[in-house]
Structure formats: structure tokens, C-alpha cells
Amino acid sequence: MYMRIAQALGAAALLLLSAAHAAPPPAPSPIRHVFIIVLENEDYATIFGPNTPAPYLGRALPQLGALYTQYFGTGHASLSNYLTMISGQPPTPANIADCRVFADLAPAAPLDPKGIATGDGCVYPASVKTIADQLEAKHLTWRGYMEDMGNDPAREARACAHPAPGGNGVLSATATDAYAYRHDPFIYFHSVTDRPACAANVVRLEKLTADLASVATTANYSFITPSVCNDGHDKPKCADGRDGGLIAADAWLKIWVPKILDSAAFKQDGLLIVTFDEAAADATACCNEPTGPNVKAPGYYGPGGGRIGAILLSPFVKPGAVSETPVNHYGMLKSVEDIFGLAHLGYAAEPGLATFSAAYAHP
């Protein structure tokens with residue numbers, strides 16, 4: 001009996017000793033406000049090369065923060081990338097084609113064991129959650145800011161603008177309204193659109209200026225989509241006659257990035273991520289990107305969305321840092337979820353998926 005007691009005490013001591021030498025749990029992230037700006041359709045070499053037509057984006061911003069040289073999109077065309085960024089869902093044939101018809105996924109099959117929706121279509125059932133749902137469940141705030149949304153009220157609403165079920169999913173830019181459904185990921189999830197939260201939180205870009213006025217009015221998570229002129233999509237000319245492409249995107253960033261960097265929320269505990277949805281002529285992938293159950297190749301003619309790069313700006317990021325760690329849109333979603341202590345959605349939960357955390361892990 002005494003021998004058993006001694007053995008038990010010895011085992012307990014070994015457990016205590018092991019616990020004392022175990023790695024401590026990761027410290028909570030100091031970041032509490034995340035801003036994401038998504039631009040359109042450029043290859044890394046064009047954006048950050050020596051002859052970049054966007055010197056503010058390609059040269060000035062990397063000096064203010066960290067440049068991730070091996071950041072990749074996850075598919076072609078645009079919409080599938082936006083959906084991945086907020087939900088971790090892989091492409092379907094319909095969203096690879098930018099959702100020409102605003103239709104629900106069919107058949108309405110249960111999610112697979114990894115939380116992936118199977119079938120084809122554009123609008124996900126309420127069982128598929130987004131980071132917006134996750135943030136709300138944790139009593140954190142979010143907003144999607146969409147430039148030009150509702151400029152033409154005869155064409156689309158001024159908040160949570162989306163087609164009617166089964167309606168035309170394509171909007172062509174005009175001289176006064178260059179909002180595009182396909183660049184607004186929140187409208188493709190019933191978990192968002194079926195609630196008042198959509199109209200309250202998927203709003204016009206101009207509201208960002210007022211929201212940045214104080215820490216209290218700044219959302220914990222802000223997803224920012226310029227118009228199809230100012231995000232660099234339309235080129236060489238925009239519908240309003242301006243020079244498009246990276247020239248327009250660079251001019252837009254010069255206006256909006258300083259507004260974010262000068263805000264109280266950013267200065268206190270902010271992180272700004274500037275990236276693109278996909279490359280222009282590259283369908284490579286990184287990070288062992290899963291293909292998913294719905295398509296043969298996420299990038300039409302290749303396994304991914306190509307190399308695009310990403311810039312991270314934050315009081316917690318060392319200026320001028322360069323990282324060659326491969327990260328993709330799934331990894332960006334995981335990064336944000338980790339910042340706010342959220343579970344990983346969809347393929348953001350893949351084992352070993354790299355994140356941005358090394359950029360802001362130092363004191």
C-alpha cells in the first residue's frame with residue numbers, strides 16, 4: 001500500500017515538473033482593431049517591382065510596415081477569393097465565375113467534417129458562418145465598407161446591397177457608380193443577409209471617416225472594398241474617364257491609408273492589411289492549399305490565385321520588415337481569428353497553416 005502511495009506521489013511530482021517546463025500558452029494579441037483593404041488583379045512583380053506604377057503602394061508602404069513577399073491568392077476569379085477571406089470556404093463553379101446568377105448553393109447538403117459546403121451556387125446557407133458571425137458571438141464589432149454602394153439607388157441599395165434571389169449577379173461600372181456585388185463578400189451568406197446586422201454593418205465607404213473619429217466608434221474588424229476603379233480592376237481607363245489600374249489604386253490609397261493610420265484606434269492597437277484578391281496572370285498556390293470538393297482547380301488553370309504580396313502596418317510591426325513566409329487568404333483569415341481568439345473556419349483550420357503572427361509577435 002505504501003509503495004502504491006509513493007508511486008502515485010512520484011507520478012504527481014513528475015506531472016507537476018512537466019507542467020512547470022511546458023511551453024506557456026500564447027499571450028493574447030495586443031491588436032484589437034483590424035483593417036483590411038483588398039485591391040484587384042495584379043502580379044507581385046508589377047506591384048512591387050522596380051517599375052511599379054504605384055510608388056506609394058509598392059515602395060512607401062512597405063517601408064512603414066512589413067512586406068510579405070510570398071503571399072498568395074486562393075483562386076480565380078475575384079469572388080472566390082473574397083469569400084475565402086471571410087469564411088474559409090473553397091470555390092464553387094459559380095463563384096469562380098463571379099456569381100452570374102445570385103443563387104443558393106445546391107444541393108443543400110450538410111457541411112462536410114471540416115465545415116465545407118458542397119455543391120454549386122453562390123449564396124451559402126445559414127449553417128456556413130463568417131468571421132462577422134464569430135465576432136458578434138464574442139460581442140466584438142465589424143463592418144464592411146463598400147465604395148460607391150448605392151450611388152445609383154435605382155440600381156442597388158445603400159446598405160447590404162445584393163440582387164434578388166435568382167437575379168443578375170453582375171453590375172457594370174458607370175461613371176457615377178462603380179460598386180460591384182462580387183467584391184462584397186458579406187452578401188453571399190444567409191448568416192449575414194438574413195439578419196438586420198447586414199444593413200447595419202455592410203455600409204458605404206464614406207461612413208468610415210466618421211467611424212474613425214474615436215476608438216469607441218471604430219469597429220474591431222473593418223473590411224474595406226474600393227470601387228472597381230479605385231481598386232485597380234478597371235484599366236486602362238475607368239468608366240468615369242480617369243486612368244485606372246494601379247495608378248487609380250495608388251491615388252486612392254494615398255487618401256484612405258493616412259486616415260486609418262491617423263485614427264485613435266489604429267494608433268492604440270491597430271493592424272492594417274493591404275493586399276489583392278488575385279494575381280493577373282498567375283494561378284500558382286502555396287501552403288498546401290486544398291482544392292476542396294467542388295472544383296477541379298481553384299484557379300481555373302492552376303491550383304491557386306497566384307502570388308500577390310501583402311503589406312502589414314501596425315504599431316506592433318517593425319517598419320521595413322520583409323517576410324518570405326508563404327501565407328495565403330486562408331492564412332490571413334486564421335491570423336485575424338487568432339488575434340480575436342476565435343475558432344478557425346473552413347480551411348483556415350488546416351494543420352500547419354502559416355499566419356502573419358510573426359510580424360507582430362515581438363514587443
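In the hydrophobic cluster analysis, where Ile, Leu, Val, Met, Phe, Trp and Tyr join through side-chain heavy atoms closer than 4.5 angstrom, Met146 is grouped together with Leu135. Under the 4.5 Å side-chain heavy-atom criterion for Ile, Leu, Val, Met, Phe, Trp and Tyr, Leu246 and Ile255 are members of the same hydrophobic cluster.
Defined by atom type and a distance below 3.5 Å, a donor-acceptor pair is missing between the side-chain atoms of Arg182 and Asn81. Between the side chains of Tyr124 and Asn95, a donor-acceptor pair is found at a separation under 3.5 Å. Inspection of the Glu40 and Ser78 side chains reveals an N or O donor paired with an N or O acceptor under 3.5 Å.
Side chain of Asp177 to main chain of Asp152: a donor-acceptor pair is present (N/O by atom type, distance under 3.5 Å, no hydrogens or angles). With hydrogens and angles ignored, the 3.5 Å screen pairs no side-chain donor or acceptor of His329 with any backbone N or O of Tyr82. Between the side chain of Asp133 and the main chain of Thr130, a donor-acceptor pair closer than 3.5 Å is present. Between the side chain of Glu289 and the backbone N or O of Gly304 there is no donor-acceptor pair closer than 3.5 Å. Of the possible polar contacts, one joining the Gln134 side chain to the Ala343 backbone as a donor-acceptor pair under 3.5 Å is found. Counting only distance, with no hydrogens or angles, the side chain of Asn201 and the backbone of Ala197 share a donor-acceptor pair below 3.5 Å. Judged by distance alone, the side chain of Thr291 and the main-chain N or O of Ala297 form no donor-acceptor pair under 3.5 Å. In this structure, Asp231 contributes its side chain and Thr225 its backbone to no donor-acceptor pair below 3.5 Å. Judged by distance alone, the side chain of Thr92 and the main-chain N or O of Gly121 form a donor-acceptor pair under 3.5 Å. Between the Ser222 side chain and the Tyr145 main chain, no donor and acceptor come within less than 3.5 Å of each other.
Listed here is the closest heavy atom pair of His76 and Ile96: O-CG2, 3.2 Å. Closest approach of Val317 to Leu312, counting heavy atoms only: CG1-O, 3.7 Å. For the residue pair Ile131 and Leu342, the shortest heavy atom distance occurs at CG1-CD1, 4.1 Å. Between Pro298 and Val295 the shortest heavy-atom distance is N-CG2, 4.0 Å. Considering every non-hydrogen atom in both Ala348 and Leu333, the closest pair reads CB-CD2, 3.9 Å.
The shortest distance between side-chain heavy atoms of Leu39 and Ile47 does not fall below 4.5 Å. Between Pro185 and Phe223 there is a side-chain heavy-atom pair separated by less than 4.5 Å. The closest side-chain heavy-atom distance from Asn151 to Arg204 is below 4.5 Å. Counting only heavy atoms from C-beta outward, the side chains of Leu205 and Trp256 approach each other to under 4.5 Å. The side-chain heavy atoms of Leu208 and Ile224, taken from C-beta on, include a pair separated by under 4.5 Å. Residues Phe48 and Leu67 form a side-chain contact, since some pair of their non-hydrogen atoms from C-beta on lies under 4.5 Å apart. By the 4.5 Å heavy-atom criterion applied to side chains, Val128 and Leu105 are not counted as neighbours. At a threshold of 4.5 Å between non-hydrogen side-chain atoms, the residues Val170 and Asp98 do not count as touching.
Salt-bridge formation is not detected for the pair Lys259/Asp211: no Lys NZ or Arg NE/NH1/NH2 atom is positioned less than 4.0 Å from an Asp or Glu carboxylate oxygen. Using a 4.0 Å cut-off between a side-chain N of Lys or Arg and a carboxylate O of Asp or Glu, Lys114 and Asp112 do not qualify as a salt bridge. By the 4.0 Å N-to-carboxylate-O rule, Arg307 lies too far from Glu42 to be salt-bridged with it.
The aromatic ring centroids of Trp142 and Phe186 lie less than 6.0 Å from each other. Taking the six-membered ring for Trp, Tyr330 and His344 have ring centres at least 6.0 Å apart. A ring-centre distance under 6.0 Å is found for His162 and Phe102. Remark: aromatic rings of Tyr68 and Tyr44 are distant, center separation not under 6.0 Å. With ring centers used as reference points, His33 lies 6.0 Å or more from Phe266.
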(message) Assess the residue pair Leu212 and Phe35 against the criterion (side-chain contact (heavy atoms from CB on, under 4.5 Å)); give the C-alpha distance rounded to whole Å, side-chain angles, the decisive distance to 0.1 Å, and a yes or no.
(response) CA-CA 11 Å; Leu212 291 173; Phe35 306 86; 3.7 Å; yes

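Counting heavy-atom neighbours within 6.0 Å of Asn288 CG, excluding the residue itself, gives a total of 12 or less.
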